[in-house]
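Every number for a ligand or one of its atoms is a count from 1 in the order of the listing.
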Amino acid sequence: MSKVLYISSEAFPLIKTGGLADVAGSLPVALLKESQDVRLLLPAYSQVLDKISSSKLVAEYTYYNLPVQILETKLPGSNVIVWLVDCPVLFNRPGGPYADSNGQAWPDNALRFAVFCHAAVDISLNKLGLNWQPDVSHCNDWQTGLVPALLSLQPERPVTIFTIHNLAYQGVFDRQTFNDLHLPVELWHMHGVEFYDYFSFIKGGLAYADKITTVSPSYAREILQPEFGYGLDGLLQNRVHHLSGILNGIDEKHWNPGTDIHLAQKYNRRSLSKKPLNKIALQKQLSLPVDANIPMIGMISRLVQQKGLDIILPSLPSLLTMPVQLVILGTGEAHYEQQLIEWANRHTERFKVIIGYDETLSHMIEAASDIYLMPSTFEPCGLNQMYSLRYGTLPIATNVGGLADTVVNASKENIEDGTANGFILKNQTAPALLAAVQHALSLYQQPQLWRQLQTNAMSEDFSWVSSADHYISLYQQALADR
Ligand code: ADP
């Protein structure tokens with residue numbers, strides 16, 4: 001049994017902007033089930049405080065003259081102990097965890113997450129009177145990057161794991177910010193947190209953590225290449241012996257078509273004939289023509305370049321002449337939102353765009369759709385293709401990262417050997433996307449074959465048990481290596 005401090009800037013259901021929250025809301029639960037003594041550390045954003053029913057004050061401290069309290073609560077629906085870093089001037093404000101409601105990054109993000117990291121470091125060293133010292137401090141993404149860096153200077157420290165959920169987000173600030181935060185000067189060099197004269201939070205994790213992981217084996221290989229490395233491929237190559245990829249699981253309680261409370265009609269592998277009732281319900285809700293047989297293509301996503309919007313938009317003129325209905329739910333960059341809305345307004349019978357973040361609708365779209373669109377330019381793991389597979393909604397995906405590790409193309413051979421569960425683009429272009437859609441539509445016309453592909457998809461095992469076991473082995477390895 002290891003004591004694990006799991007440090008994350010978001011965790012479902014308390015606060016979520018993307019996949020990191022799903023992981024941080026699931027992996028600690030799975031670790032606890034495997035008898036690990038796990039505590040989750042999160043900033044006490046106002047949204048989090050609104051969601052918890054009770055908490056107790058367990059520690060107090062001051063960082064940068066700002067009073068900070070550590071509040072203890074439980075992750076809803078589980079027995080995982082959550083410690084919240086409560087510093088109202090930094091975290092208690094309207095807007096998102098990283099940006100205001102217009103999408104502008106908070107100007108004090110460096111200070112906000114430096115305070116969070118200092119609290120994580122002091123808890124890791126059992127300095128806040130919590131009477132608990134972790135064996136492992138497991139950090140996630142740039143917001144936690146200073147933790148391995150600061151802990152590296154301490155003799156009696158836990159081992160550190162740094163998980164990259166998305167290398168594109170790095171937490172880069174100017175040199176003055178580093179000075180203003182009074183961080184140890186020993187960390188300022190090209191093998192430390194300095195990044196071409198700038199100050200990089202993520203480098204603190206990549207350079208100093210005992211072990212680095214990413215959320216799929218393919219992404220672990222891809223980030224060693226300049227194309228996916230965002231200037232950090234050289235550093236990662238140096239650390240390749242400490243780098244591995246562990247595929248995320250999914251929260252099978254929330255994402256189970258057999259028990260999903262958001263669905264008009266629950267179904268499973270053996271009652272797939274009921275799935276179209278969800279399509280009809282969504283068509284009615286979105287005022288689309290009601291037709292159980294028309295293939296519905298769904299997408300739920302941040303509307304950013306990474307998610308393939310530059311491939312999808314040029315595909316729309318052809319795609320919207322095909323006999324399909326397209327439903328996209330998302331928020332993101334204003335120009336993508338605008339273009340999608342314009343297309344949807346011109347094709348009201350075929351295309352609905354819902355701009356916003358809507359958990360219930362995301363479940364309904366997964367269940368209603370026949371095909372799921374995920375042509376990402378890169379995808380560290382990706383969760384929606386796994387949710388789609390679980391819901392018998394066949395993904396159309398690019399051959400990158402976690403998509404390559406989970407989606408098996410419906411080629412003749414893969415169909416014959418019973419592994420096919422979706423469609424892989426030949427390359428990342430609009431024509432390749434259209435060809436994959438055509439391929440999917442032609443197989444959709446063969447109901448028996450389509451049912452077989454759905455059954456293959458729904459039989460995949462994406463439970464957290466196997467991922468949690470991999471993490472536990474990694475913790476043991478890191479402790480043994482010390
Ligand atoms: P990323 O973390 O890069 O955004 P992932 O596929 O790993 O992508 O995870 C995204 C998660 O956020 C999924 O659970 C997805 O359903 C959810 N999500 C994204 N956009 C929305 C939205 N507009 N409404 C509801 N859920 C969303």
Side-chain angles (χ1 to χ4, degrees), residues 8-27 96-99 101 103 140-143 163-169 214-216 218-219 228 230 245-257 260 262 282 286 298-309 327-334 336-337 340-341 352-369 372-391 393 395-398 400-407 422 462 464 467:
S8 174
S9 56
E10 51 184 276
F12 183 83
L14 295 173
I15 176 87
K16 168 166 165 177
T17 70
L20 167 62
D22 289 345
V23 177
S26 302
L27 177 56
Y98 319 121
S101 43
N140 295 278
D141 275 353
W142 75 261
Q143 293 85 354
T163 297
I164 306 164
H165 297 260
N166 194 333
L167 194 62
Y169 300 96
T214 73
V215 286
S216 69
S218 287
Y219 192 59
F228 293 98
Y230 288 91
I246 300 176
L247 193 71
N248 286 335
I250 61 173
D251 180 339
E252 294 187 312
K253 225 169 53 197
H254 283 99
W255 291 99
N256 177 352
D260 192 330
H262 303 297
L282 188 68
L286 299 180
M299 178 173 183
I300 303 139
S301 183
R302 293 183 295 121
L303 301 175
V304 296
Q305 199 247 346
Q306 177 201 337
K307 300 296 181 181
L309 272 299
V327 176
I328 298 184
L329 164 66
T331 54
E333 292 174 24
Y336 289 134
E337 293 181 355
L340 289 173
I341 290 168
K352 286 286 165 195
V353 171
I354 306 97
I355 300 298
Y357 190 93
D358 189 332
E359 192 71 29
T360 299
L361 194 54
S362 73
H363 286 247
M364 293 174 68
I365 294 173
E366 283 290 5
S369 303
Y372 189 85
L373 212 52
M374 204 154 171
S376 308
T377 56
F378 68 95
E379 196 56 78
C381 176
L383 292 168
N384 276 110
Q385 85 281 13
M386 293 196 272
Y387 301 152
S388 302
L389 291 167
R390 191 108 206 273
Y391 281 61
T393 303
I396 292 184
T398 33
V400 293
L403 299 173
D405 292 343
T406 51
V407 180
F462 296 123
W464 267 106
S467 312

For this session: Kindly determine whether Asn166 and Tyr219 satisfy side-chain contact (heavy atoms from CB on, under 4.5 Å), including the steps that lead there.
Result: CA-CA 10 Å; Asn166 194 333; Tyr219 192 59; 4.2 Å; yes

Problem set entry | Any residue meeting salt bridge (Lys or Arg N to Asp or Glu O under 4.0 Å) with Asp22, in chain and number order, not counting sequence neighbours |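 Residues passing salt bridge (Lys or Arg N to Asp or Glu O under 4.0 Å) with Asp22: Lys16.
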
Exercise. Does one side chain, of Asn140 or Glu10, offer a donor that lies under 3.5 Å from an acceptor on the other?
Worked result: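 Glu10 and Asn140 do not have a side-chain donor-acceptor pair below 3.5 Å.
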
For this session: Identify, with sequence neighbours excluded, every residue that meets side chain to side chain contact (heavy atoms under 4.5 Å, CB included) alongside Ser301.
Result: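 Once residues adjacent in sequence are excluded, the partners of Ser301 under the side chain to side chain contact (heavy atoms under 4.5 Å, CB included) criterion are Met299, Lys307.
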
Exercise. Given the side-chain rings of Trp255 and Tyr387, with only the six-membered ring counted for Trp, is the space between their centroids under 6.0 Å?
Worked result: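 Distance test on ring centres: under 6.0 Å, yes.
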
Check each N or O atom of ligand 1 against all protein N or O atoms and list the pairs under 3.5 Å, with atom names and distances to 0.1 Å, one per line.
| unit_1 | atom_1 | unit_2 | atom_2 | d |
| --- | --- | --- | --- | --- |
| ligand 1 | 2 (O) | Gly19 | N | 2.6 |
| ligand 1 | 3 (O) | Arg302 | NH2 | 2.8 |
| ligand 1 | 3 (O) | Lys307 | NZ | 2.8 |
| ligand 1 | 4 (O) | Arg302 | NE | 2.7 |
| ligand 1 | 6 (O) | Leu383 | N | 3.0 |
| ligand 1 | 8 (O) | Lys307 | NZ | 3.1 |
| ligand 1 | 9 (O) | Gly19 | N | 3.3 |
| ligand 1 | 14 (O) | Lys16 | NZ | 2.9 |
| ligand 1 | 14 (O) | Asp22 | OD2 | 2.8 |
| ligand 1 | 16 (O) | Asn384 | OD1 | 3.2 |
| ligand 1 | 16 (O) | Asn384 | ND2 | 3.3 |
| ligand 1 | 23 (N) | Gly356 | O | 2.8 |
| ligand 1 | 24 (N) | Asp358 | N | 3.0 |

Problem set entry | Partner residues of Tyr372 under the ring-ring contact (aromatic ring centres under 6.0 Å, His included) criterion, sequence neighbours left out |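 Tyr372 satisfies ring-ring contact (aromatic ring centres under 6.0 Å, His included) with no residue once adjacent residues are dropped.
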
